[in-house]
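Presented below is the structure to which this report refers.
Every value quoted in this text rests on a predicted model; they were computed, and no experiment measured them.
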Amino acid sequence: MTEPTQTEIEDFEQTTQERIASESLLVDVDGFEGPLDVLLTLARTQKVDLRKISVLELSEQYLKFVEEAKKLRIELAADYLVMAAWLAFLKSRLLLPPDPTEEGPSAEELAAHLAFQLERLEAMRRSAAKLMARDQMGRDFFARGIPEAVSQNRKITYNATILDLMQAYAYIKTKGNFEPLHMIERDRVFTMEQALGRMRTLIGHAIEWGDLNQFLPDGWRDDPKFRRSATASTFAASLELVKEGKLEIQQSELFAPIKLRTKRSQ
Amino acid sequence: MTKEQNDTLFEAPPMAEQERMVEAILFASAEPISKRAIADRLPHGCDVSEALVHLRKRYEGRGVKLVKVDDAWAFRTSPDLGFLMQKERYETRKLSRAAIETLAIIAYHQPVTRAEIEEIRGVSVSRGTIDLLLELEWIKLGRRRMTPGRPVTFVVTQVFLDHFGLESERDLPGVKELRDSGLLDNRPAPGALLEDTEAEVDLENEDQDDMFE
Amino acid sequence: MTKEQNDTLFEAPPMAEQERMVEAILFASAEPISKRAIADRLPHGCDVSEALVHLRKRYEGRGVKLVKVDDAWAFRTSPDLGFLMQKERYETRKLSRAAIETLAIIAYHQPVTRAEIEEIRGVSVSRGTIDLLLELEWIKLGRRRMTPGRPVTFVVTQVFLDHFGLESERDLPGVKELRDSGLLDNRPAPGALLEDTEAEVDLENEDQDDMFE
């Protein structure tokens, strides 16, 4: 968008140019960043220190701006109208003699705060411009183009004391209350090593194709959790033996029984 | 066990050598490196501050200069030679007016909440504006404000300082004048808002204990 | 378009300035850059070769040196300072519960197979845990067990003994001592009270037979 220039705003006050100027202002309503922005733009026409600005005059200008917008059927966002209402209220308060019974901030205080807000916004705009006018990296100055990587050597020392060790062992030992380990209490894991060991002794007997299930150890076939673990490890062990060239494995289709037999030597 | 012996056996290298080392470390990095990080990489007993003073002086008037960013140091090309670097120039995304103003407000008023930014600009701040600045790593989240709702605050980063060639937030253009004229004060609107601020203070005291990070 | 005019209007900058310019270009360039490419960037009439000679001399003995890579030029950290480009980070970590338990089992039951460790702990032992202990050289491979599959066994090492301040595995406190020191509760253990770890190891070995059919 193009911000209205100083002259455009001055035209705003002149009757002949009023229409055109106000249109150019109003067409840019979308470009304004809210009512405070409009107020600041209007305030600049007063060409005085923002602290000494006439809030009364500013209110009138703003209300006029809103009127024009209405005439031109331009939809104004609610916050523009809220500001208009507040300024109309402030204007009336500024014109009437103060009511001594009324509590809360005086009209002058409110007007002073508005002037402060405008001045602060203006100051931020100027600062933003100064900031952007500074030398910038990647435009005016540059960092090293070929940075050299720093290699990180991480050295980790693990710490454990004899007490940690004893406590850990004590924990394991008390966990089972010193009962000898029974089959029942055994964890439901048939390890790969166990399966492999078992399969090695069994494959010699598997001359014909036999179902994988037949190779599961006793006591691991009924309970589903036991069976699952034993099946998985036995299957993995079988694959290992196939890899070693000691076993053949086949499955006719998806989910069909997996069959095993000893690899026949030619 | 022989640590004490080592300390006496090996002295810190001479200052000229320390300066070379700091030079190498800083030259090798595209990002500013803190004094602390430099010291960690130097042999025991080196005086990084002194080495930096020497080094800065050595590069005065050269094509490359040693700059301070926050508590970190970096080599940067001299700004007057920027015109030679057409090829290295990268386009910073064109920032909207809203983004530039929001950035300035965060830089000058930090730590600042979104509500405060909106109060200053008089319009709501879109999520995209904040996201963009976060993405550029020019701003980051500061501590939460101990007011109702515990809003997050925003502060500018070292990347921001580096980008704009600032040594610290105190070097922002005109910051002193702004502060002196009271334009950086968090002046509450007269009336209703006043009560809120008082409530805030109480809350702050109560909340001290469960302050998070 | 006004290039020719410029040529006649402006003379090449003084050599000191040319040197600065080359310095900045070499610093900022993302790759080594040829004389030709440098010349293209400099104002007309500059003598790149001479500037490079000056610059190279200037950096002699510094932390950074100007080097020629093929027919291109670049700054590089001085080779003798390469050690500064390595950062060593020391971290002390606590062993995970799984690791310390596994280690304890190996120490008390050695030689012990992985299956046996799992049996005793009641959970499977991850490859990473064993690897870590091997890497720390606190455990090593013992003899293979003469059981089906000939599983490897693990035993503790001299490094382990040194770390834990033990003269031999026999110095490991026995179960009775553990109990006396309150690390085990005082409930009477079923079966024989194990007086020392050796007895226990034997027991475990006996147990094995019916553990693995």
Please flag which part of A:R134 lies under 4.5 Å from any non-hydrogen atom of chain B: side chain, backbone, both or neither. side chain
What residues of residues 70-80 of chain B sit under 4.5 Å from chain A when only non-hydrogen atoms are counted? B:F75, B:R76, B:T77, B:S78, B:P79
Please list all pairs meeting side-chain hydrogen bond (donor to acceptor under 3.5 Å, both in side chains) that have one or both residues in residues 126-137 of chain B, counting only residues at least two apart or in different chains. B:R93-B:E135, B:S126-B:T129, B:R127-B:D131
Side chain from CB out, backbone as N, CA, C, O: work out which of these in B:L184 comes under 4.5 Å of a heavy atom of chain A, or both, or neither. side chain
Quick check on B:I120 against chain A: is it the side chain, the backbone, both or neither that has a heavy atom closer than 4.5 Å? both
Counting heavy-atom pairs under 4.5 Å with chain A, which one of B:R41, B:M85, B:K65, B:E88 comes out on top? B:M85
Which one, A:G138, A:A128, A:A123, leads in non-hydrogen pairs under 4.5 Å with chain B? A:G138
Do B:Q110 side-chain atoms and B:V156 backbone N/O form a donor-acceptor pair below 3.5 Å? yes
Please enumerate all residues that pass side-chain contact (heavy atoms from CB on, under 4.5 Å) together with B:E50, with sequence neighbours excluded. B:M15, B:D47, B:H54
Examine whether an atom of B:I25 lies under 4.5 Å from a heavy atom of chain A, and if so say whether it belongs to the side chain, the backbone or both; otherwise answer neither. neither
Under 4.5 Å, counting heavy-atom pairs only, tell me which of A:A129, A:G145, A:S127, A:A133 racks up the most with chain B. A:S127
Max heavy-atom pairs within cutoff under 4.5 Å with chain A, candidates B:E31, B:H109, B:R121, goes to B:R121
So, does A:R144 use its side chain to make a donor-acceptor pair with the main chain of B:F27 at under 3.5 Å? yes
Answer yes or no: is there a donor N or O on one side and an acceptor on the other, between the side chain of A:R93 and the main chain of A:L110, under 3.5 Å? no
Let me know if B:L178 has heavy atoms under 4.5 Å from chain A in its side chain, its backbone, both or neither. side chain
What I want to check is whether the side chains of B:Y108 and B:E169 have a donor and an acceptor closer together than 3.5 Å. no
Contacts of type side-chain contact (heavy atoms from CB on, under 4.5 Å), residue A:S92, not counting sequence neighbours: none
Is it the backbone or the side chain of B:S124 that comes under 4.5 Å from a heavy atom of chain A, or both, or neither? neither
Side chain, backbone, both or neither: which part of B:L84 has a heavy atom under 4.5 Å from chain A? neither
N/O donor-acceptor pair under 3.5 Å between B:E116 side chain and B:T113 backbone: yes
Name the orientation class of the two ring planes belonging to B:F160 and B:W138 (parallel below 30°, tilted from 30 to 60°, perpendicular beyond 60°). perpendicular
Side chains of A:F142 and A:M137: closer than 4.5 Å at any heavy-atom pair? no
Okay, side chain of A:E109, backbone of A:S106: is any donor-acceptor separation there less than 3.5 Å? yes
